[in-house]
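Residue numbers start at 1 and run along the sequence shown.
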Amino acid sequence: DLPPEEIQFVLEKFNDWKNAFDLAPSAARGAQDFFEKQVRELGTFAHDEGKAIRNLDSQKHFYERARKFYLLYLGFFESSPERFKIGINLADVFFFEKKFLQSGDYYLRAFEGEFGPVQQKEELIKNAVLALEKKADYSFYEQIRVKGLMVRAINAYMKFDPRKRNDPEL
């Protein structure tokens with residue numbers, strides 16, 4: 001049960017090590033792949049456990065761990081082919097944690113291709129709109145941000161599917 005903060009420390013030292021020494025490309029790539037896999041698996045394991053457990057306190061614990069590992073992953077592994085899946089997983093975790101602003105933001109960012117080649121575009125944009133529609137106790141500035149993201153999401157949805165332009169449900 002490694003704390004995400006310790007993994008972050010190790011990743012920071014790993015980056016220092018990569019930058020301090022002239023490494024053979026195969027050694028650097030092997031070490032990068034090792035750490036990428038470990039962080040990804042720690043995050044997805046915690047996410048899966050959070051979905052499987054019905055005890056609310058344990059569920060919160062696992063979702064928090066998953067969120068922290070996913071944020072580490074997205075921050076450290078910018079060229080990974082798994083970034084898209086991790087970005088969506090992070091949006092899911094935010095949704096389960098009832099952090100709808102962050103969830104909608106990450107779904108929208110995934111839809112826009114920030115995390116790599118986009119798959120399931122319609123599902124992503126629908127999830128973004130759904131998350132941003134959810135009511136929550138937002139500060140004034142968060143309310144403004146939600147409204148701005150919602151406008152961006154609806155515009156993106158209408159561009160993606162022009163038939164939705166006159167849809168009263170949007």
Residues, nucleotides or ligands: over 12 heavy atoms within 6.0 Å of F9 CZ
no

If you define the side chain from C-beta out and look only at heavy atoms, does anything of L72 sit under 4.5 Å from F69?
yes

Got a sec, which residues hit side-chain contact (heavy atoms from CB on, under 4.5 Å) with A110, two or more places apart in sequence or on another chain?
F84, I88, F115, L124

Measure the shortest side-chain to side-chain distance between R29 and D33 over non-hydrogen atoms and say whether it is less than 4.5 angstrom.
yes

Check A153 against V129 and note the closest heavy-atom contact, atom names and distance.
CB-CG2, 4.0 Å

K121 NZ to D161 CG distance, which is reported to the nearest 0.5 Å:
12.0 Å

If you apply the rule side chain to side chain contact (heavy atoms under 4.5 Å, CB included), what do you find for K134 with F95, and how did you get there?
CA-CA 10 Å; K134 294 281 187 184; F95 192 87; 3.7 Å; yes

Using every non-hydrogen atom in the two residues, find where L74 and E78 come nearest and quote the distance to one decimal.
O-CG, 4.3 Å

So, taking the atom named OH in Y107 and the one named CD in E123, what distance separates them when rounded to the nearest 0.5 Å?
8.0 Å

Are side-chain heavy atoms of H47 and Y63 found at a separation under 4.5 Å?
yes

If the condition is salt bridge (charged side-chain N to carboxylate O under 4.0 Å, His left out), which residues does R109 pass it with, not counting sequence neighbours?
D105, E114

Take Y138 and F100, measure what side chain to side chain contact (heavy atoms under 4.5 Å, CB included) needs, and give me the verdict at the end.
CA-CA 10 Å; Y138 294 125; F100 302 119; 3.5 Å; yes

How close do A66 and G43 get, heavy atom to heavy atom, and via which atoms?
CB-O, 3.6 Å

Flag yes if V93 and F62 sit in one hydrophobic cluster, no otherwise; membership is Ile, Leu, Val, Met, Phe, Trp, Tyr, and two members link when side-chain heavy atoms are under 4.5 Å apart.
no

Side-chain heavy atoms of V10 within contact of F35, under 4.5 Å:
yes

Distance-minimising heavy-atom pair for L101 and R145
CD1-CG, 3.7 Å

Side chain to side chain donor-acceptor pair (under 3.5 Å) between K85 and N89, worked out:
CA-CA 6 Å; K85 178 68 174 147; N89 285 356; 3.2 Å; yes

Could you tell me which residues satisfy side-chain contact (heavy atoms from CB on, under 4.5 Å) with E64, sequence neighbours excluded, listed by chain and number?
R67, K68, E97

Determine whether L108 and I125 make a side-chain contact, defined as any pair of heavy atoms from C-beta on separated by less than 4.5 Å.
yes

With a cutoff of under 4.5 Å between side-chain heavy atoms, which Ile, Leu, Val, Met, Phe, Trp and Tyr residues group with F140?
Y141, I144

Is the closest side-chain heavy-atom distance between E82 and Y73 below 4.5 Å?
yes

How close do A91 and S103 get, counting heavy atoms only, and between which atoms?
O-OG, 2.9 Å

Let me check something: do F45 and L71 share a hydrophobic cluster, defined by ILVMFWY side-chain heavy atoms less than 4.5 Å apart, either directly or through other members?
no

CD on E133 to CE on M150, rounded to 0.5 Å:
4.5 Å

Please examine the side chains of F76 and V39, heavy atoms only from C-beta on, and report whether any two atoms are closer than 4.5 Å.
no

Roughly how far, to the nearest 0.5 Å, is CD1 of I86 from OH of Y106?
12.5 Å

Applying salt bridge (charged side-chain N to carboxylate O under 4.0 Å, His left out) to D92 and not counting sequence neighbours gives none

Atom CG in D48, atom CD in E41: separation rounded to 0.5 Å?
11.0 Å

Mind listing the side-chain donor-acceptor pairs of residues 11-23 below 3.5 Å, one per line with the distance, residues two or more places apart or on another chain?
| unit_1 | atom_1 | unit_2 | atom_2 | d |
| --- | --- | --- | --- | --- |
| E12 | OE2 | Q8 | NE2 | 3.1 |
| K18 | NZ | Q32 | OE1 | 2.9 |
| N19 | ND2 | N15 | O | 3.1 |

If hydrophobic clusters are built by linking Ile, Leu, Val, Met, Phe, Trp and Tyr wherever their side-chain heavy atoms come under 4.5 Å apart, do F96 and L42 end up in the same one?
yes

Test salt bridge (charged side-chain N to carboxylate O under 4.0 Å, His left out) on R65 and E49 and set out the steps.
CA-CA 10 Å; R65 284 180 57 78; E49 288 294 307; over 6 Å; no

Rounded to the nearest 0.5 angstrom, the CG-CG distance for N127 and L132 is 10.5 Å

